> 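The structure's right below; bear with me while I get my questions together.
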Amino acid sequence: MAAAMGKPFRSIQPQPQSHSMASSSTTQDANNGVRHDNNLLPIANVGRIMKDALPPQAKISKHAKETIQECATEFVGFVTGEASERCRRERRKTINGDDICHAMRSLGLDHYADSMHRYLQRYRETEELAATLNNGGGGRDGRAIQIDVRAELSIFKGSNQQDGRD
């Protein structure tokens, strides 16, 4: 993908973290005998996302889950690496949502970047509303009002699908 845009593909290796057996695997490079630890997204989460996209009676093989797990992990690492480069150039240490959107655009993933930008806007609006209500003691009895941000965002997600936008 990046090579077609004139950028060389670079493999992104996440920083080592403490891993559980469910989220990592060790491979051995056949060419030089070097072992690599691959930090993978949790397979249970990947499987749950896959299942949500399929009809209730559909089954997913272990191999299919593992394949998507590896692809999703690579995708996240690829986009994050691009966002990290931007932060490094700007001498910042924290990657934010805008950096992710910019990285997606620079990698030619405009459709994903547009969806992510809409999600990010809605998330920030909801967080701002929650902060306003919580700081003002918006409840009738003087207690703070709690807003379920995920429920708010799922409503937004549904309206995008109805409008034909993803």
Side-chain angles (χ1 to χ4, degrees), residues 1-124 126-127 149-150 152-154 156-158 160-161 163-166:
M1 190 174 357
M5 299 175 55
K7 296 180 184 178
F9 178 79
R10 62 184 182 277
S11 179
I12 313 273
Q13 293 297 324
Q15 294 298 321
Q17 299 173 353
S18 63
H19 352 296
S20 68
M21 292 305 287
S23 64
S24 68
S25 66
T26 302
T27 58
Q28 188 158 354
D29 189 334
N31 295 332
N32 59 15
V34 175
R35 293 172 54 109
H36 300 281
D37 277 340
N38 298 321
N39 291 333
L40 299 173
L41 296 170
I43 197 148
N45 294 359
V46 171
R48 194 168 21 260
I49 293 167
M50 291 172 73
K51 190 169 176 67
D52 287 347
L54 297 172
Q57 70 276 12
K59 304 281 188 207
I60 306 169
S61 73
K62 182 179 179 185
H63 180 69
K65 289 178 190 175
E66 290 171 348
T67 302
I68 294 297
Q69 178 189 34
E70 290 177 23
C71 291
T73 301
E74 182 67 23
F75 177 79
V76 169
F78 190 56
V79 172
T80 303
E82 188 71 20
S84 179
E85 264 309 298
R86 179 183 187 200
C87 289
R88 187 192 60 74
R89 283 191 307 269
E90 295 177 5
R91 293 187 169 86
R92 293 185 292 119
K93 293 186 178 185
T94 304
I95 298 172
N96 61 41
D98 294 318
D99 296 321
I100 298 297
C101 291
H102 182 271
M104 287 179 172
R105 280 191 183 84
S106 70
L107 293 169
L109 303 170
D110 294 342
H111 181 72
Y112 291 110
D114 293 341
S115 295
M116 177 65 87
H117 183 71
R118 285 192 305 272
Y119 173 89
L120 192 56
Q121 276 184 306
R122 180 70 172 144
Y123 177 82
R124 288 174 176 163
T126 305
E127 284 291 301
V149 174
R150 291 180 188 214
E152 290 290 323
L153 293 170
S154 65
F156 179 69
K157 180 181 173 186
N160 278 346
Q161 291 170 346
D163 293 343
R165 299 175 299 179
D166 288 316

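Given the structure is predicted, the values throughout are model-derived calculations rather than measurements.
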> In chain order, what residues pass the salt bridge (charged side-chain N to carboxylate O under 4.0 Å, His left out) check against D110, with sequence neighbours excluded?
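Residues passing salt bridge (charged side-chain N to carboxylate O under 4.0 Å, His left out) with D110: none at all.
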> Apply side-chain contact (heavy atoms from CB on, under 4.5 Å) to A58 and list each qualifying residue two or more places apart in sequence or on a separate chain.
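Once residues adjacent in sequence are excluded, the partners of A58 under the side-chain contact (heavy atoms from CB on, under 4.5 Å) criterion are L54, P55.
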> Nearest 0.5 Å, please: how far is CZ in R105 from SG in C101?
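C101 atom SG to R105 atom CZ measures 6.0 Å (nearest 0.5 Å).
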> How many angstroms lie between atom CD1 of I43 and atom CD of E66, to the nearest 0.5 angstrom?
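Output value for this atom pair is 5.0 Å.
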> Calculate, to the nearest 0.5 Å, the distance between atoms CD1 and OG1 belonging to I60 and T67 respectively.
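The OG1 atom of T67 is 12.0 Å from CD1 of I60, to the nearest 0.5 Å.
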> Are I100 and V79 close enough that some pair of their side-chain heavy atoms sits under 4.5 Å apart?
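Of all side-chain heavy-atom pairs linking V79 with I100, at least one is under 4.5 Å.
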> Output every pair passing side-chain hydrogen bond (donor to acceptor under 3.5 Å, both in side chains) with a member in residues 48-64, not counting sequence neighbours, ordered by first then second residue.
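Residue pairs with at least one partner in residues 48-64: N45-R48.
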> Any side-chain heavy atom of F78 within less than 4.5 Å of one from L109?
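Sidechains of L109 and F78: no contact.
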> Check whether any side-chain heavy atom of S115 sits under 4.5 Å from a side-chain heavy atom of R118, and report yes or no.
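Yes, their side chains come closer than 4.5 Å.
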> Return yes if some donor-acceptor pair links the side-chain N/O of Q69 with the main-chain N/O of P42 below 3.5 Å, else return no.
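Side chain of Q69 to backbone of P42, a donor-acceptor pair under 3.5 Å: no, none is there.
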> Only counting residues at least two apart or in another chain, list the ones meeting salt bridge (charged side-chain N to carboxylate O under 4.0 Å, His left out) with R89.
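Testing R89 for salt bridge (charged side-chain N to carboxylate O under 4.0 Å, His left out), a comparison that skips the adjacent residues, returns none.
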> Is E127 salt-bridged to R124, cutoff N-O under 4.0 Å?
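No, no charged N to carboxylate O under 4.0 Å.
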> As an exercise, state the distance from CG of D98 to CE of M116, rounded to the nearest 0.5 Å.
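Rounded to the nearest 0.5 Å, the CG-CE separation comes out at 10.5 Å.
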> Going by side-chain hydrogen bond (donor to acceptor under 3.5 Å, both in side chains), name the residues that satisfy it together with R86, two or more places apart in sequence or in a different chain.
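Partners of R86 under the side-chain hydrogen bond (donor to acceptor under 3.5 Å, both in side chains) test: E90, D99.
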